[in-house]
Every structure is written in C-alpha cells, then in structure tokens.
Amino acid sequence: MSHFDSVDPKVDFVAKEEEILKWWDDNDIPARYRALNDDKEKKFSFIDGPITANNAMGVHHAWGRTYKDLFLRFRNMQGYKQRFQNGFDGQGLWIEVEVEKEMGFKSKRDIEAFGVGKFVEECRKRVDRFAERIADQSKRLGYFMDWDNSYHTKSDENNYTIWHFLKTCADKGWIYKGRDVMPWCPRCGTGLSQHEIVTEGYQDITHDSPYLKFPLIDKGHEGENLLVWTTTPWTLAANVAAAVNPEYTYAKVEDRGSIIYFSKSLFESLKKDHVLTDEAKLIDEVKGSELVGLRYKAPFDELPAQDEVRDQHRVLAWDEVGEDEGTGIVHTAPGAGAEDFKLGNENGLTPIAPLDQNGIYIEGFGEFTGKSAADVKDMVFDSLKEKGLLVRVNKYTHRYPVCWRCSTELVFRLVDEWFINMDEIRPKMEKATKEMNWYPEFGKARELDWLKNMQDWMISKKRYYGLALPIYACDCGHFEVLGSQEELKERAVEGWDEFEASGASPHRPWIDGVKIACSECGETVDRVQDVGNAWLDAGIVPFSTIGYQSDPEYWKEWFPADWISESFPGQFRNWFYSLIVMAAVLEDSLPARNVFAYALMRDENGAEMHKSKGNAIWFEEAADKMGVDVMRWTYSRHNPASNLNFGYKTGDEVRRQFVIPLWNIYSFFTTYANLDNWTPADCTIPSSFGFTVDGDTNAYEALIMSTDEGFSELDRWILSELNQLIAKMTDNLESWQLPYAAEAVEQFVEDLSNWYVRRSRRRFWKTEGDKDKNAAYSTLYTCLTTLSRLLAPFTPFIADMMYRNLVAERVQHAPDSVHLTSWPKSNTSLIDEDVMNQTRLAIKLASLGRSARAQSRLKVRQPLGEFVAEVRHDWEHLALAKIENVLKEELNVKSIVNASEIGGLLGFEIKPNLRILGPKYGKQIGEIRNALQAADADEIARAVEADETISIEGFELASNEVLIERVALEGYAVATDAGYAGAVLTVVSEELKAEGTAREVVRVIQNLRKTSGLEISDRINLLISCSEDVTSALMTHVNYIVEETLTDNIDIGVVLSDHGISVASTETIQLDDENKVIVALEKV
RNA sequence: GGGCCUGUAGCUCAGCCGGUUAGAGCGCUACUCUGAUAAAGUAGAGGUCGGAAGUUCGAGUCUUCCCAGGCCCA
C-alpha cells in the first residue's frame, strides 16, 4: 500500500480535532462503536448521573464526562456490552431560578401572575434547549454516547416511577406530614434546604441586637429579671421560653435600680459593651440549674397570639447555651428558630408561627400584623422601651444566612412538610453502602457517617416545576399516596379528562385539576400543592431508565449498575444518598457496585471557580484554545481524590510534556518510513490487533524476537516495556486507578522518545535497507500502533489520527477507526525483567556521565578516555559489562571501567573545623592543617565515623573537630545520585582532541547544510580553512568527515581567498584561543 | 462536640506491600546537544517528610497522642 500521510510536526491540534469529528460523523463511527459488542454476553452497566440541563458546560463538567467516556471506552474495547445512555436532569428549583432570571421575575407572585402553566412550559423549553447544547458540547469532547436516547428526569416514566417508590414507602407507613422550622426566603416565598444555605448562603451582616429584661414573676423573685439578648428582634413577639445552661454560674446583679441575672463570666464584657453601667453590683451567684423552672412575663404577652403560651413562659435547661456572647440566657421562640423548635418539642412547648410565606406577620400580632418581619425592628424597640424592658441596643456583625438567589435575609418559618421516615430504611442503606466499592475508599466512611446522622428525608418543596407529589391529604386527616397514572385515573372523580387532554404529564398545574375521593370519608380531595425534592428525580434513574416497570427482564440484566461516577463533595447527601435510599426501599439492594468520585475543580492558582469571579472557564472556549485531547489528558493524569487546579497554563504544560513528544515520535516515524518506502507489509512483528490479516491471530503471542531478524536488545527492551505497559494499564483501569495508568503511558512515551528513538536514530538514517533497519521500523511501528489503541479511551482524537494513518488506511481488513479496535493484550513472554533493569541502569549511568561531563565543561562531542561507573548491586556489576557499548556511545568515551576495580571513585579530604579549632589552638592551626593533609585520610575518616579521638603529630582531635569531604579522584569529574556515581577522566590526549575537532567540524557542516536549505540527501563539496596543526588533526579523520556530511570533494587547509570562490555558505568555528576554522560548502 | 480528609522542595503534587542515600513537574539561573526543533538534555540547588512518642532489624509509609488547615454533621 501507499506511503503514510506525512505528519507535520507543527500540527494545529484543534483544527485536526474538528476534522476527526467530521470524519467520525460522516463514517458513523460512534454508532458503529456502540454496536461493537451487541452480540456479547458480558455486560458493563453504567448508570449516568444526570447533568443539570440548565446552562452550557464548563470545563468542570468536561472533567466528569471525561471519566465517564474513558471507562466506557475501555470496557467497550474489552468487549463488554453497554447501554451508553446519557442523562439530563431537568426538574427542580435550579431550573426555575434560571427561568425567573430570564423572565425578570422577582418573586413567586410574578410567577403566579404570569401563569404557572406558562412558567412550567418555559422551564421545559429551557431544559430542552440546554440538553441539546450540552449534547453538542459533549460530542466535541469526544464523548461517544447514544445521544438520541438520553433520558430526562422530567419524563413521565421517571416521574411515575417515583410515584411507585413513594407509594411503596406509604404502604409501609413511612410517609408522614411533619412540621418543622426551616430557613425561608420571604421574597421568593419558599423554604431553602440546609444544603442550599451551606454552599453559598452566608453573608456578614450587622444587626441591631437588643439586650432586654424578662421580669420574673415567681414569689420571692419579684423585681428580678432575666437579661436576654437576641439578634432577631422580630422573633420576640413569638417568645415562649428562656434557656440557661444548668452548668454555668449566673450572676445576680443590681444595676440601674433593677436586679438582673446573666452568666457570671460575661460580667466584664457586658460592662465593656455598655450593657451594664460601671456601678453594676454583684449581689449573689446561682447555678444555672437553680434558675430552671422560674416563670417570667414575656415582652409581648399582651398579643392575642400569646394566649396559648402565656402560662408556658419559664426557664429551661439547655446545654447548648454558650457564654461566648450574649448573656448566657437564650430567648426561645420555637415557631421562629430551628434550634428553638427542637428545644420546644423536647419541653412540650407550643410553637407560635408569626409569619406567612411572604414574611408578613399573621393575625394576632397586634400592631405587627400585616408588617414585614424585616420592618418591625424599631416598633419592637419602642414597645420595649415603653414597657421599661429595653436595656441596650448594640450593633452586632455575624455571618447570617441569606437567599442564594436574591441575597434577602432569611427568616425561620414553621411549615408543614412531607417526610419519609428513615428509621427502617437506614439499616438497609448502611448494609448497601458497605457492600459498595468506593473510590476513593474513604467515600464509604463519608457516606456511612452521613447515614448515621441523617434525619427523616424532607421530600416536599413549595414550588411549581418539579415532580408532582402524588399525595392527597383530606381535611378529615386521612391522606393517601398514589403509585401510578393508572391508579390516578381509577381514583379520579374530577378533572381526569382535562388532564388526559393536556398530555397526562404529571406536572403542575395540569395534574392539580385531578381530584380523588377520600377513601375514609368520601370527600373530594386535592393533590397537595407541593412538588418533590429534586434528588428524588435523580435517585430513581437506576429504575426508571432501564425499564423497572415497563420491562422487568431487561431491568434485571442491567441492575445494579457496575459503575457510577460523580463529583463527591455534595453527592454523599444528594445523588449517592438518594440512589441508595431508592434501591434499599424498592429492592433491598445496592444501586451500584462501584462508585467513582472526584473532587472539585479550582483555577490555576487554586482558587474556587466562580462565574461571578470571572475565573470559571466555559467548555467551548477551552476546547477552542487548548484542544480537548490536552484537556482530557490533564484530567486523566490527575488524582481524582484531590482538587484539580485547571487552566491554560496547565494545559500548555501537558501539551508540551506529553502530547508534543508523542506527536514528534509519530512524525519522526512517518518521515523516515516514507523516505525508505517502508510500509506495514514490511513489518516483521505480527499485528496484535483484534482482527485477522492472515488468519493467524496467535502470531503476536508466539513472537520471538530473534537477532536473525535484526532485532537488537534495544528493540527487545522497548517491546518489553510496551507489554508491561499494557499489563499495567489494564490492571489499573480495571481497578479504577486512573492516574497510575496515565503515569505509566507518560513514562513509556518518555522512554520511547528519549532512549529508544534517540538511540535508534542511526538505524533509520542509514541508506542500506537491511534487517536491522527493518527491525527498528517494525518495533517503532508496533509501539506507535499499540499506543494509539492504549490512548484511544484517553485522547480519542490523537489516537485516531495516528491509527488511521498508520493502520486503517494502510492495512487491509483493519477496522476504520481505533475506536472499533479491541484493547491490546499483553504478551507476557516478551516482558524481560533483565533487559529492562539493564537499560534502566544504562539510562541512569548515562545521565550521571553527562552530568560529570557538564561539570568539567567537556562537551559530549569531545571523546574522552574513560568513564568510571560505581554501582550498588551485584547484578549491576554484571550488567555493566553488557551495557558497555551503549555507555561508550552515549558518553563518547573509549572505555568503561567498573569503579570496584580501581578501589572506588571518591576519596576523603580532611579539613580542620576552624570554628572549633581556631579559638582553641590559635596559631597552631597551620600545623594542624598540614598534619591533616599529610595523614591517611581514609584512616581519619574511619576514626571520625567511629567517634574516636584522632591522634596526630601530638594533637588530640575530637571527631567533631575535623570536617570530612568526599572528593573526586584526581583527574576525574564525578557526579553522584542515590549511591550511584559516574566519573569521566578529564585528561584529553592529542589523539582524542583531534577526534573532537573532527566531530566539531562535522557538527558545523551539518548545521550549515541545514541553514543553506540542502536536502538530507544532497551531496556537497567542502573547503576547510585552518592552521597546520588542525589540518593534520582533521586529515586523520577525513573519511569520517566525508561520510557524515555526504561530501564528494574535500579540501582541507586551504586559504579560502586563494581559491577566489564565491561560496555563499561559510561558517567560522573558534576552537580555542589560537585556532579557528572556516568551513565553506557548495551543493554538487 | 462527632466524623472524614489533608499536611513531603518556593509552588502543585507523586511516593501504590514498611526496605538502599525521599522523587516529578513548574518557576529561577547557567550550560549542553540538536537533520524529532511549538524540541530535548544537564547542572545549581533547595527537605527537622506538621510535632512527639511507640511498634520494627528498618518508618514519609503502621499505631497513639498533639498541632494546623479543609470538608461534612451537630
């Protein structure tokens, strides 16, 4: 077949990726890839965690999707049947928020005015729009999924399967209506989950915080008061109790004519804050427990809303009361604070809920009724002042929760919500969690910790666009949960026809028209207005998307998932949690066998990425700038358990260190193969591919790399490394240890580039086409084609570029794309530990040798007499003999010496420790110095080592009074590393110098050829002008010069001007101070 | 207060089963090599491996405690 396409070393990777995308599309590669294992038995079940179809992708989405694509590709190449289903999450508050922004809505009232139906339609449209956008972007990433069959959490099947789940819970009696105090945004008119607040919902806010008195009313305490502090004055009207820490000591103090109690430890700070005057006088001390039970008059006892609780006002014991701030006595309003509510429950208090959903006081709160909680602060203070209860108002700055959408300060509201009781589910969930494999491993402990602490699951949300909770609560107190569309139809007494006409999608507002009859009292019942928690939508997908209800046989084949993957910080209490709940309830099973989780993306400097901060990177921008292979490799080589600092600089680094070197090898190979007309048909290494060229699929396994075929030790080495690489990558990918797999490839490419190719270059350059050359081509070809398959899951574009040029378009019957090939199998018989160790040693010693040369400033092209190597292990002494020739070439030396044969490379030099000896001996230092120099350094070193006293010329020196240095033997330059050492003899003989000169001249001529624009094969005539000494030196190496530079006629020692030639290409070399050489060349 | 994670070079991080004298990349400077050139190589370095104690022939690695930071829960 034909030549390889020539490979431009200066490739535009982004443009190439676009070409490949188009080619994949034109040739239906993704579909053919997905169909590859349709007839296979073994399955790999991946269940996608749905991506929220709410915005375009950022690079952090590309990170997670790279993992998904990578492992799916790996399993596909291994021959596992898969489903390739992507998922979109498209219900819930996130979507509503974006649509509200889009439409310029400020609150729920705007939505109601616009029309819930139209609003929900807008939400759906947004989801569809961004689902399409994300699909396109994912394709650009090289993500091969079945894009026409993505699932949507907003689908009817998804929603109705959740109904089935809820009904199952209800049948067990786990669903209940509860009251709770929850953070609430009065502007948006909705509750926020704890999670929504934790992520970005706190701001530093300064509040007017009053100190006030609660007058005690028990006999014997008349005229005494509790001193109370609050940061939320609007809650005082809902006060029911006060709390003290029973362990604390409380001070009874007289100040400004009244008696007050507060925590004694706060005495001074209250004075400092001017809550107390300087005249405040300590009268007595009491234990907190002695205050417990005392009754008091609440500040707004006159309000009708207080009727029910007026006789409940008393002091409670609560060990959560702190004494860092405030007064050590806590105002408790169970209807307006989460912790208060809990404490109230424990003590049988009646909560008073003062606010409606817009944060306005309801009836029964006198002058506050109809006012917003945010506006009553001054009315509260005035009223307190009037009653003589206000002591002081201070400014107080603290972190206070705000709405993450509109920054409105949150209030706490007592509301009805629907819950799933987790008591009976928890043990099943714990069991499932323990059975699952977590990567990283600590994920299991995290999840178990969350399960231990989790409370009942609040599944309702007072919004519009989401799962319509199938709960029908009758005024008679009975409620029912419906489990399917059929059940709804059966039970409907009103509105079914209209609902069906609307498409029977279980969404507000259409579903709300359907009413059923209460099975207890027969009354007509509405669906509760709430929609479902969004994690219900995502948690059900291992059931809804694989036909749990519609095709149970199919479902059984694919459940539980073999693998799921998502970013972990939030998912322990979100997706992972809801998956586990649902699998536990419906099947008492684990939802997935392997959970792969990864951390957070940061910007290049380690700062959190935020759209508002401007350091977030959109996927498209990054794809255009750095290319997706570079992006994918950056992700693949990273340890998923730690945060990834990502940016264009890291991208450049990855490109420079991995992608370009790989490309350069590929470019090098095609350049020379084409020059030599080498084609895959000439390859003497059988293909290891999963297709048959000549009917012999076992040929690769049976390969013996014989020297008769020209294979050298270098070839055997790199193929050994290659097969070990295959084994390592397979192991690591099968155990989800991605970075190890990636590191192994990087090391291999480095070895291939900087040792195999470099050491083999001459084999490719030489003109004759012998077995040695063919072995080199065959070996490098095998490395590159195997690499293309190993890299296919990681960098699908560059892998296919290489594969198509090297294989698909050159070899008959080869699959069209690397993505239609199988995963390489390691031929373990080619793995040769000895040759790998030996080569590793050679690489190490060569590096030491170059280092030694660098120290002595002797260029590699100057030949040197000998290289002395110091090694550590027995086998290395033997290996040294075998790598002798390699080292001679690498280091350009005439001989290799084992340091053990000359008694080691390093000697000791003993010096006086002047800092100690100076003050002690003064002028005698000179004598000591001389004595030390004359003495046996080895003997002193031994003595120092043993901490013995050194007796020398009448001086008794302690071991710390001398300094020992290791020095190179005379005439050598030494480099050491981890117990290995290499040294070059730095004495240059005339003969060696002549050879060095010849090589220097050749180098300059080669440069000149290049800069003169000559082809590699052009022949030249050469004139060299130099002194007599240099002339004779060059003459001894004239054959070498002529051969290396393809010279037909050479003239050395001429004076150029005498020739009078007009040679355009000349160059001057300054050999040393005296000698300079001028070379001139012309094309023949 | 409880749980989990992290702490190794100036920065970002490896160090997978406890095994020689702890590594890489980046950054800085200098040098070398070069018909792979958007290259490549080498050197200068730089470290009480957060601290202490313990187990062990041997600890960055295991155990305990402490310190600091992060996350989650309360």
Side-chain angles (χ1 to χ4, degrees), chain A residues 7-13 194-195 198-199 319-320 322 338-339 342 440-455 568-570 572-573 599-600 602 604-606 637-639 641-646 649-650 652-672 675 728 731-732 735 737 739-740 743 746-747 750 753-755 757-758 760-761 764-765 846-855 857-862 872-873 890 892 975-980 999 1003 1005-1011 1014-1018 1044-1046:
Chain A
V7 175
D8 189 351
K10 298 184 185 185
V11 64
D12 176 350
F13 287 111
Q194 198 65 35
H195 176 232
V198 166
T199 39
D319 52 17
E320 298 286 311
E339 290 175 327
K342 214 177 127 207
E441 280 177 47
F442 66 78
K444 181 180 285 185
R446 274 285 178 92
E447 190 64 47
L448 286 172
D449 182 54
W450 164 250
L451 294 183
K452 201 173 68 198
N453 290 308
M454 70 171 179
Q455 294 163 2
F568 60 42
F572 291 107
R573 56 182 195 284
L600 292 174
R602 299 284 170 82
E604 232 147 26
N605 305 313
R637 68 196 297 280
H638 180 74
N639 173 7
S642 59
N643 291 337
L644 168 61
N645 295 355
F646 182 86
K649 259 177 20 202
T650 50
D652 288 343
E653 212 174 287
V654 164
R655 184 183 306 102
R656 195 160 53 77
Q657 294 197 338
F658 177 67
V659 179
I660 288 179
L662 173 67
W663 192 261
N664 282 341
I665 301 168
Y666 167 53
S667 171
F668 173 89
F669 171 81
T670 51
T671 304
Y672 285 95
L675 219 54
K728 255 191 216 171
D731 281 354
N732 284 319
S735 54
Q737 301 297 330
Y740 293 145
E743 267 164 37
E746 287 191 350
Q747 184 59 52
E750 154 100 19
S753 170
N754 289 330
W755 196 259
V757 173
R758 195 169 54 74
S760 300
R761 258 186 296 198
F764 296 101
W765 288 345
S847 157
L848 283 171
R850 277 192 294 268
S851 168
R853 270 183 169 277
Q855 280 173 38
R857 307 203 159 259
L858 290 163
K859 297 174 182 182
V860 174
R861 73 177 89 84
Q862 173 59 59
R872 304 178 48 174
H873 300 289
E890 278 294 309
N892 194 16
T976 58
D977 177 44
Y980 295 84
R999 289 182 69 136
R1003 183 186 71 87
I1005 295 166
Q1006 300 289 32
N1007 260 349
L1008 203 51
R1009 288 177 56 104
K1010 191 171 154 194
T1011 52
L1014 268 60
E1015 292 298 317
I1016 293 172
S1017 53
D1018 286 341
E1044 285 293 314
T1045 58
L1046 300 185

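Order of the sequence lines fixes the chain letters, A, B, ..., with proteins taken first and strands second; residue numbering starts at 1 for each chain.
Residue A/D449 has its side chain nearest to B/rC72 when only B/rC16, B/rC72, B/rU37 are considered. Here the nucleotide nearest the side chain of A/F442, chosen from B/rC4, B/rU37, B/rA14, is B/rC4. The side chain of A/Y672 sits closest to B/rG35 out of B/rC73, B/rG35, B/rG3. Proximity note for A/N754 (side chain, C-beta onward) versus B/rG25, B/rG35, B/rA40: the nearest is B/rA40. Set against B/rC26, B/rC4, B/rA38, the side chain of A/I660 has B/rA38 as its closest nucleotide. Minimum atom distance to the side chain of A/N645 is reached by B/rU12, of the listed B/rG3, B/rU12, B/rA36. Comparing atom distances between the A/R656 side chain and each of B/rA40, B/rU42, B/rU37 picks out B/rA40 as nearest. When distances are taken from the side chain of A/S753 to each of B/rA36, B/rA38, B/rG25, the shortest belongs to B/rA36. Closest to the side chain of A/R573, from the set B/rA40, B/rC73, B/rA36, is B/rC73. For A/S642, whose side chain is taken as the heavy atoms from C-beta onward, the closest listed nucleotide among B/rA36, B/rC4, B/rC13 is B/rC13.
Counting only distance, with no hydrogens or angles, the side chain of A/T670 and the backbone of A/S667 share a donor-acceptor pair below 3.5 Å.
Under the Watson-Crick and G-U wobble criteria, each requiring two contacts below 3.5 Å, nucleotide B/rA22 is left unpaired. Within the shown strands, B/rG70 is the pairing partner of B/rC4 under the Watson-Crick or G-U definition, both distances less than 3.5 Å. Base-pair partner of B/rC17: not found among the strands shown (Watson-Crick or G-U wobble, both distances under 3.5 Å).
Remark: A/R758 engages A/E890 in a salt bridge, criterion side-chain N to carboxylate O under 4.0 Å. For the pair A/K452 and A/D449, the salt-bridge criterion is met [side-chain N within less than 4.0 Å of a carboxylate O]. The existence of a salt bridge linking A/D652 and A/K649 is excluded, since no basic side-chain nitrogen approaches an acidic carboxylate oxygen closer than 4.0 Å.
On the P atoms, B/rG27 is 43 Å away from B/rC65, given to the nearest whole Å.
Taking the six-membered ring for Trp and thresholds of 30 and 60 degrees, A/Y672 and A/F668 have ring planes inclined between 30 and 60 degrees apart.
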